[in-house]
Amino acid sequence: MAEQIIFYVLAILIVAFSILSVTSRRILRSATYLLFVLIATAGLYLLMGYQFLAAVQISVYAGGIMVLYIFSILLTSHAGDKAKPVSWKRLLPAGAAAAVGLAVCGHIIYHNVNKVMSLVPFQEPTMQDIGRTMMGTDKYQYLLPFEAISVLLLASIVGAIMIARKR
Amino acid sequence: MMTYTTLTIVALPALMFLFLGLLGGKFKPAVAGIIGTLGLTIVAALSYMTAFQYFFQVGKVDGVYQQLTALNVNWLTLTDKLHIDLGILLDPISVLMLVVVSTVSLMVHIYSMGYMKGERGFQRYYAILSLFTFSMLGLVVATNIFQMYIFWELVGVSSYLLIGFYYTKPSAVAASKKAFIVTRFADLFFLIGILLLSFYSGTFSFVELNDPNGSVLGQPITATFMGASVLSWAMILIFMGGAGKSAMMPFHIWLPDAMEGPTPVSALIHAATMVVAGVYLVARLFPLYAFGAPEVLTIISYVGAITALFAAVVACTQTDIKRVLAFSTISQIAYMITAMGVSGYGGHEGLGYMASMFHLTTHAFFKALLFLGAGAVIHAVHSNEMKDMGGLRKYLPITHITFLIACLSIAGIPPFSGFFSKDEILVAAFEHDKLIFAVLYLTAGLTAFYMFRLYYRIFWGENDKQYHHTPHEAPLNMTFPLMFLAALTVVFGFVPFGSFVTADRLPYEGHIQWPIASMSILVGVVGILIATVMYRKSNDKPDRVAATVKGLYKASFNKFWFDEGWLFVTKQILFKRVSAPIAWFDRHIIDGFMNLLASVTSSVSHRIKGIQSGELQDYAWAFYMGTMVIVVLVILL
Amino acid sequence: MSGIMSNIPMEAYLIVSTVMFFAGVYGFLSRRNMLTILMSLELMLNAADINFVVFNRYLYPGQLDGTFFALFAIGISAAETALAIAIIINIYRNLKNIYIDEVSKMKY
């Protein structure tokens, strides 16, 4: 029961802050709302029993990426800046498109209610499991993508330095 | 021993060509000329040595002259059986040609030192002369028909280069192009003939092809095409190549124009050596013609006879002395070709073959002499036209005497060499075909007439003609070749030619057939007499004669409109009816299609480039809408 | 939490992620500030991550595949964000502007 309460609180938070984040005219506030969404997502992960993932979500997203956002916002705008009001010509079609998409997806979900299995208890993955899965080379193990990601990260570090450095 | 000697004969001119061509500009012109002439002297000496060794020491085994392969290098292997070799084949005709080519070439080298003195590109001239000598020698010693074809094209190239020697003169450039294109056109048939022959026989080698019991003649090719055997077709095509080089009708049009080249070149290439390559080709493949395709020989004899008469008629009316000599050359080569055509293979039957080669040799000497003499005349009066000459015998005594000897020789007056060879040809023709004999006989009379017309117009005629500056005899380096060749012309007729060169390579004892010989002397004398009456002193008889046979005169003067005919065929029919539509098709249909593709692509891209607005969200919209459409479709289906 | 039967249906999670996703779509299509657009992109990515994890948890509880997809997606989005922000800052430096409809110099 407690879990359900927690879930609904998180769900409401996520929905509300998602919408606020994309509608707020102050960009710093948008960033803050996004931060809340990300943290609440981490809560969902915890609720499902993936502590490691929740930790990564908070440290990388909330801790790393959001800091980047906030720095760049501070670099590119001035205090108290308000985005120019967006014209209805932009808002309406975008809202309509989002609503249509939501309707389509909701339709799919609605039609598949109870077609999937409900939650079964499971052994929470330990750090050893995660480590073995990440570093193993067998089936369902992910050393190669891990290495690929590390190369990608290196490339993006170099790229970011190249792009952003002052000439 | 023979290997290295003969290899040197062929290779030395090639080295000379490279040396003079690459480094000639570093020397003074005279030095380059002396180097070239010295090289040729060595070549000539080695040729004489080879000829002596071949004819008197090693060539004859059991009374038959052998075909010696002095060198054979496998150059390209096409199949196991079919390979292209380069080598040196020694037999009576190739050794004979070695002597003829190197002798005339040496004379021309010496002569050119005087004649070409002070010309621009003197070193280039000698370099190309060496190239020509190399190619011609390579041609005559070829062991196989493909090697012959290679050198055949090389002599064509050097002829082209030498005709166009004065490349700043538009007429020379046009003439060189004409010569190259016409002979090249004929060579196309030659090549087809070679391929046809080698496809069916599986060999290029002359020795194998000509072996009467060999794979070709022993087992005749049975394939036929349009009623004639493939062998006949191949031999006709090969002869067409020879006809192109030897200026037989209707491929003769290039030779008169080729006189745009320097006169010594005309003497060497367009009188003595290159133009007789066609005769040599027929001689080289003679067993194939005689046994494999006798009907082709008949065609050859008629082509030769018609060309001989035609060229003689034209020669009577030309006013450019070099052109007279050019048509005379065509006529005399046609004589040789006819002699080949009327010949059988061996013994007395083979008289025509022997006579043809004999006439080739004597003609090479006296026609080179005529050209060099004409060169001396041109050198003296700076003109090619007869009307600018007359009474020159006082000024040019040596040239006059040597020219007279050559004229008597070509007219067939004993004891000069032309008499002997021409007599043999007439005998062979008489015994084979009376009609051909009649044509040749008439030609012999015409020959005497036009040669003496030329002689009188140059050296007699207006005795008191005034010149801008007094003509003077040429220097010794020009008169020596004249005297040397005149001496050869006088004595060469007494060489027992039949004991050296015959079709079956068995010595043959020829005798002068006095009935026919006296007839030929008679017609020669008559021709000379008519010429004497008409041209000895300047008078109006020639004009009166021309007026009586006006149509014939006009036709002859215009060379029977052969050039115009070819121009019509090429320009009106080929260019207008064939090339122009093809060009139109290429320009409008092929190119048009490509241009259409390009312009459609370009205009379409111009229209749709607005889609690339640079607005990120437009792209996102397109992507999102597309995704939604796909998702909805998936749900509905 | 292991072993406890939870009666939160899977669809509930999916609804949450769907709303989050289309909020991202809306933001992407309507906002003009590049940074906001980038944040909308993060929302969409995050919604996808949630879906991965939810399907992993409900359908294949014994395996870790969905979790790892989410993990890698987080890594990749971090890299992508860093690069995008570098580009945006560069654009700002050159054009003094990060409004998407006013930055169209590089079209064609």
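All values derive from a computational prediction rather than experimental measurement. Residue numbers begin at 1 in each chain, while the letters A, B, ... track the order of the sequences.
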### Task
Can you label the angle between the Phe69(C) ring and the Tyr142(A) ring as parallel, tilted or perpendicular, going by 30° and 60°?
perpendicular
### Query
When only pairs under 4.5 Å are counted, which of Leu29(C), Ile88(C), Val25(C) shares the most heavy-atom pairs with chain A?
Leu29(C)
### Task
Please flag which part of Ala47(C) lies under 4.5 Å from any non-hydrogen atom of chain A: side chain, backbone, both or neither.
neither
### Query
Who among Tyr69(A), Tyr110(A), Tyr140(A) has the most heavy-atom pairs with chain C under 4.5 Å?
Tyr69(A)
### Contact class of Ala99(A) relative to chain C, heavy atoms under 4.5 angstrom
neither
### Minimal non-hydrogen separation, Met20(C) against Ser18(A), with atom names
CG-OG, 3.5 Å
#### Entry: Approximate separation, where rounding is to 0.5 Å, of Gln141(A) CD and Asp65(C) CG
10.5 Å
### Summary
Applying a strict 4.5 Å limit to non-hydrogen atoms, the region of Ile37(C) in contact with chain A is neither
### Task
Hey, could you give me the CZ/CG distance between Arg25(A) and Asn33(C), rounded to the nearest 0.5 Å?
13.0 Å
### Message
With heavy-atom distances below 4.5 Å as the criterion, would you say the side chains of Ile50(C) and Leu44(A) are in contact?
### Response
yes
### Task
Please confirm whether Tyr13(C) and Phe7(A) have ring centers closer than 6.0 angstrom.
yes
### Query
Which bit of Ile85(C) is near chain A, if near means a heavy-atom gap under 4.5 Å: side chain, backbone, both or neither?
side chain
### Task
Classify the side-chain pair Glu42(C)/Tyr61(A) by whether it contains a donor and acceptor separated by less than 3.5 Å.
yes
### Task
Report the distance from atom CG of Asn56(C) to atom OH of Tyr50(A), rounding to the nearest 0.5 Å.
4.0 Å
### Message
Is Ile87(C) close to chain A through its backbone or its side chain, or both, or neither, when contacts mean heavy atoms under 4.5 Å?
### Response
both
### chain C interface, residue from Ile157(A), Asp129(A), Leu91(A), Leu153(A) that has the most non-hydrogen pairs under 4.5 Å
Leu91(A)
### Query
So, Asn46(C) versus Gln57(A): side-chain donor-acceptor pair below 3.5 Å or not?
yes
### Side chain / backbone / both / neither for Phe17(A) at chain C, heavy atoms under 4.5 Å
neither
## Note on the structure
If one checks every heavy atom of Thr23(A) against chain C at 4.5 Å, the contacting part turns out to be both
### Query
With a 4.5 angstrom heavy-atom cut-off, which part of Pro145(A) approaches chain C: side chain, backbone, both or neither?
both
### Atom pair OG1/CZ of Thr76(A) and Arg93(C) - distance to nearest 0.5 Å
12.0 Å
#### Entry: Heavy-atom side-chain contact between Asp49(C) and Thr41(A) under 4.5 Å
no
### Message
Quick check on Tyr92(C) against chain A: is it the side chain, the backbone, both or neither that has a heavy atom closer than 4.5 Å?
### Response
side chain
### Query
Closest heavy-atom contact between Ile89(C) and Ser72(A)?
CD1-CB, 4.1 Å
### Query
Does the side chain to side chain contact (heavy atoms under 4.5 Å, CB included) test come out yes or no for Ile76(C) and Ile149(A), once each step is laid out?
CA-CA 7 Å; Ile76(C) 290 171; Ile149(A) 293 275; 3.4 Å; yes
#### Entry: Residue pair Leu71(C) / Met134(A), side-chain heavy-atom distance below 4.5 Å
yes
### Message
I want to check something: taking the side chain as every heavy atom from C-beta on, are Tyr33(A) and Met39(C) in contact at a cut-off of under 4.5 Å?
### Response
no
## Note on the structure
What one should report as the nearest heavy-atom pair of Ala78(C) and Val60(A) is CB-CG1, 4.0 Å
### Task
Mind checking the OG-CG spacing from Ser30(C) to Leu92(A)? Nearest 0.5 Å is all I need.
10.5 Å
### Message
What's the separation between atom OG1 in Thr18(C) and atom CG in Leu102(A), rounded to the nearest 0.5 Å?
### Response
7.0 Å
### Summary
Checked Ile12(A), Leu10(A), Ile65(A) vs chain C; the most non-hydrogen pairs under 4.5 Å come from Ile65(A)
### Query
What part of Tyr26(C) is in contact with chain A, defined as an atom under 4.5 angstrom from a non-hydrogen atom: side chain, backbone, both or neither?
both
### Distance-minimising heavy-atom pair for Ala160(A) and Leu83(C)
N-CD2, 3.4 Å
## Note on the structure
Max heavy-atom pairs within cutoff under 4.5 Å with chain A, candidates Leu35(C), Val54(C), Ile98(C), goes to Leu35(C)
### Query
Between Arg90(A) and Arg32(C), is any pair of side-chain heavy atoms under 4.5 Å apart?
yes
